[in-house]
Amino acid sequence: MSIAGRVSKELTTKLHTVYALTNAGIIRPQRPDRAARVALAFLRWGPTPAAGYASNAARYPDDTAVVDELGTLTFKDVQERTNALAHQLQEDGIGVGDGVAIMCRNHRGFIDAYVAVSKLGANALFLNTAFSGPQITDVAKREEPKAIIFDHEFADLVKDAGKRRKRYIAWHDPEEGKPKDPRIEDLIAEGDPSDLSPPSDRGKAIILTSGTTGTPKGASRSQPRSLDPAAALLAMIPLRARERTMVAAPMFHSWGFVHFTLGMALSSTLVLNRKFDPEATLSLTAQHEATALVVVPVMIQRILDLDDAILDRYDLSKLRVVPVSGSALPGPLAEKWMDHFGDNIYNLYGSTEVAWATIATPKDLREAPGTAGRPPYGTVVKLYDDDGNPVTGAGETGRIFVGNDMQFEGYTGGGGKDVIDGLLSSGDVGHFDDDGRLFIDGRDDEMIVSGGENVFPREVEDLLADHDAVDDAAAIGVDDEDFGQRLIVFVEELPRNATGKVLKRELAERQHAD
């Protein structure tokens, strides 16, 4: 691309960003003194969580930032709490480039821990709350964090991983007795709430893959260089500034994490609950008049499994946006939700490695049930065959490759995903329809060959999910003497991870064991 072309592209991107951020209410008139403090925060810290809460504390110090089971925190509270915690961690020897593992459910401790780590320029490693003790130990050996911040309920699970490392407790129930390790609440109470000096380097966020096909890998991602990626999402998902968002999806996972970071940019009030409960989620969403509810598909399923009398008990008239991601969203499930709660679902398709690829709006989901939607601004999605040749025809299946500013930098243990023409493999196969909407056919290593025919699991799963007698469905291939592979039989329950993704590797192991 020529210099003029690059300049034109950069200018177009900035104009798009300004428009999207203005439309979302992030860019708005404000008092000159507060505007100056916001500008100074971003100048000093860059687009990091440290800058996010520093700027919000400058603009809206007394507005509610967090609601959880312990009550509420203002933006000023969060700023001072994370300052105090950062000072205390710094005194314990944690600094730039050090790794800090965080194993927390959705509550203020997660935010305290991550923002404090950001202020020190340390790297945050997010541990899945559904991991087993051996998994945590393996991850800790590979990533070598200097400290672990965890909820007390996971004390036994992190026992081995925490040996010869600093250990801190983020959430503790008094009835569990006095903990052996220091609580971050005590560190915050004792710490200095004054502002810190920015670190010499910005820390990274390391989110682990789901581990559905093997040992979880650490996907390293630096802080974004600008607000362009946030603007790209906000241009398609109509979240608005200064509103309330119920984050039901776990924040250690990339989907919940995205909305935690978007919440900082939007100066949102985040409503959190440690453990997902379908009725409690409806109740909190209604009670706090949340305009957004962030979920994964299995949460939608569990909410819709409630009796109609319960679904109708809570006033969700303020709810405008239900962003959903994390696993496949069956078309019938999206339609059932929208029939009951209105056309407010926005389905994002992506992965830990590529961040996002496409977004399906309610209109897309009505017109083409099961679609993953279209790429947002700044994202390129192309299909290639097994030989690396482009697949361009509508309806033709190919491997999905994605390019955007938020893709990961590689696995922390080494290696990465396949790359073609600068685009990163999502690990899935799919096709476009005549209107340019993407459909996911399955994982690129899950295609079932039965009787010489290619069978894509997603097609089978969607068909089964549409049947009134089927609550849940997953399709895998198992050995068959006559057909090579056949499809799986009925089971009582599908194994899932904490974000609701079916663990097909475990499902196959169970089938072979039978």
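Since this is a predicted model, take the numbers as computed values, not measurements.
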Point-to-point distance, once rounded to the nearest 0.5 Å, from [atom1] of [X] to [atom2] of [Y]:
{"X": "Phe439", "Y": "Thr371", "atom1": "CZ", "atom2": "OG1", "value": "4.0 Å"}
{"X": "Ile207", "Y": "Leu127", "atom1": "CD1", "atom2": "CG", "value": "12.0 Å"}
{"X": "Lys163", "Y": "Thr137", "atom1": "NZ", "atom2": "OG1", "value": "8.5 Å"}
{"X": "Phe154", "Y": "Ile148", "atom1": "CZ", "atom2": "CD1", "value": "12.5 Å"}
{"X": "Asp98", "Y": "Lys166", "atom1": "CG", "atom2": "NZ", "value": "11.0 Å"}
{"X": "Leu438", "Y": "Thr358", "atom1": "CG", "atom2": "OG1", "value": "5.0 Å"}

Without hydrogens or angle criteria, can the side chains of [X] and [Y] be said to hold a donor-acceptor pair below 3.5 Å?
{"X": "Thr412", "Y": "Lys217", "result": "no"}
{"X": "Asp305", "Y": "Gln301", "result": "yes"}
{"X": "Asp441", "Y": "Thr397", "result": "yes"}
{"X": "Asp228", "Y": "Tyr377", "result": "no"}

Taking the side chain as everything from C-beta on, heavy atoms only, tell me whether [X] gets closer than 4.5 Å to [Y].
{"X": "Pro250", "Y": "Thr129", "result": "no"}
{"X": "Leu304", "Y": "Leu333", "result": "yes"}
{"X": "Lys382", "Y": "Asp421", "result": "no"}
{"X": "Trp356", "Y": "Asn404", "result": "yes"}
{"X": "Thr291", "Y": "Val321", "result": "no"}
{"X": "Phe75", "Y": "Tyr53", "result": "yes"}
{"X": "Phe150", "Y": "Leu157", "result": "no"}
{"X": "Ile359", "Y": "Leu233", "result": "yes"}

So, does [X] use its side chain to make a donor-acceptor pair with the main chain of [Y] at under 3.5 Å?
{"X": "Gln135", "Y": "Ser132", "answer": "yes"}
{"X": "Asn128", "Y": "Ala130", "answer": "yes"}
{"X": "Asp68", "Y": "Arg108", "answer": "yes"}
{"X": "Ser426", "Y": "Asp428", "answer": "yes"}
{"X": "Asn56", "Y": "Met264", "answer": "yes"}
{"X": "Asp385", "Y": "Arg399", "answer": "no"}
{"X": "Thr379", "Y": "Pro375", "answer": "no"}
{"X": "Arg165", "Y": "Pro145", "answer": "yes"}
{"X": "His288", "Y": "Thr269", "answer": "no"}
{"X": "Asn273", "Y": "Lys275", "answer": "yes"}

Is it true that [X] and [Y] make a salt bridge, defined as a side-chain N closer than 4.0 Å to a carboxylate O?
{"X": "Asp151", "Y": "Arg105", "result": "no"}
{"X": "Asp138", "Y": "Lys141", "result": "no"}
{"X": "Glu185", "Y": "Arg81", "result": "yes"}
{"X": "Arg437", "Y": "Asp364", "result": "yes"}

(Q) Applying side-chain contact (heavy atoms from CB on, under 4.5 Å) to Ile303 and Phe276, what does each step give before you reach the verdict? (A) CA-CA 10 Å; Ile303 289 173; Phe276 174 75; 4.1 Å; yes

Using every non-hydrogen atom in the two residues, find where [X] and [Y] come nearest and quote the distance to one decimal.
{"X": "Glu353", "Y": "Leu424", "value": "O-CD2, 3.8 Å"}
{"X": "Pro198", "Y": "Arg44", "value": "CD-NH2, 3.0 Å"}
{"X": "Ala372", "Y": "Ile440", "value": "CB-CG1, 4.1 Å"}
{"X": "Gly263", "Y": "Leu270", "value": "CA-CD2, 4.3 Å"}
{"X": "Ile102", "Y": "Ala124", "value": "CD1-CB, 4.2 Å"}
{"X": "Ala116", "Y": "Leu89", "value": "CB-CD1, 4.4 Å"}

Q) Would one find more than 12 heavy atoms of other residues, nucleotides or ligands at under 6.0 Å from atom CG of Asp173? A) yes

Q: Check step by step if side-chain contact (heavy atoms from CB on, under 4.5 Å) holds for Leu272 and Ile111.
A: CA-CA 11 Å; Leu272 309 176; Ile111 296 174; 4.1 Å; yes

(Q) Students often mix this up, so state it plainly: with edges at 30° and 60°, are the rings of Trp171 and His107 parallel, tilted or perpendicular? (A) tilted

Q: Just do the side-chain contact (heavy atoms from CB on, under 4.5 Å) check on Phe401 and Leu383 with the steps written out, would you?
A: CA-CA 6 Å; Phe401 283 75; Leu383 306 181; over 6 Å; no

(Q) Determine whether Val247 and Phe260 satisfy the following criterion, side-chain contact (heavy atoms from CB on, under 4.5 Å), listing intermediate values before the conclusion. (A) CA-CA 8 Å; Val247 185; Phe260 162 64; over 6 Å; no

**Q.** Worked check of ring pair (Phe, Tyr, Trp, His ring centres under 6.0 Å) between Phe126 and Phe257
**A.** CA-CA 10 Å; Phe126 297 105; Phe257 185 77; 5.2 Å; yes

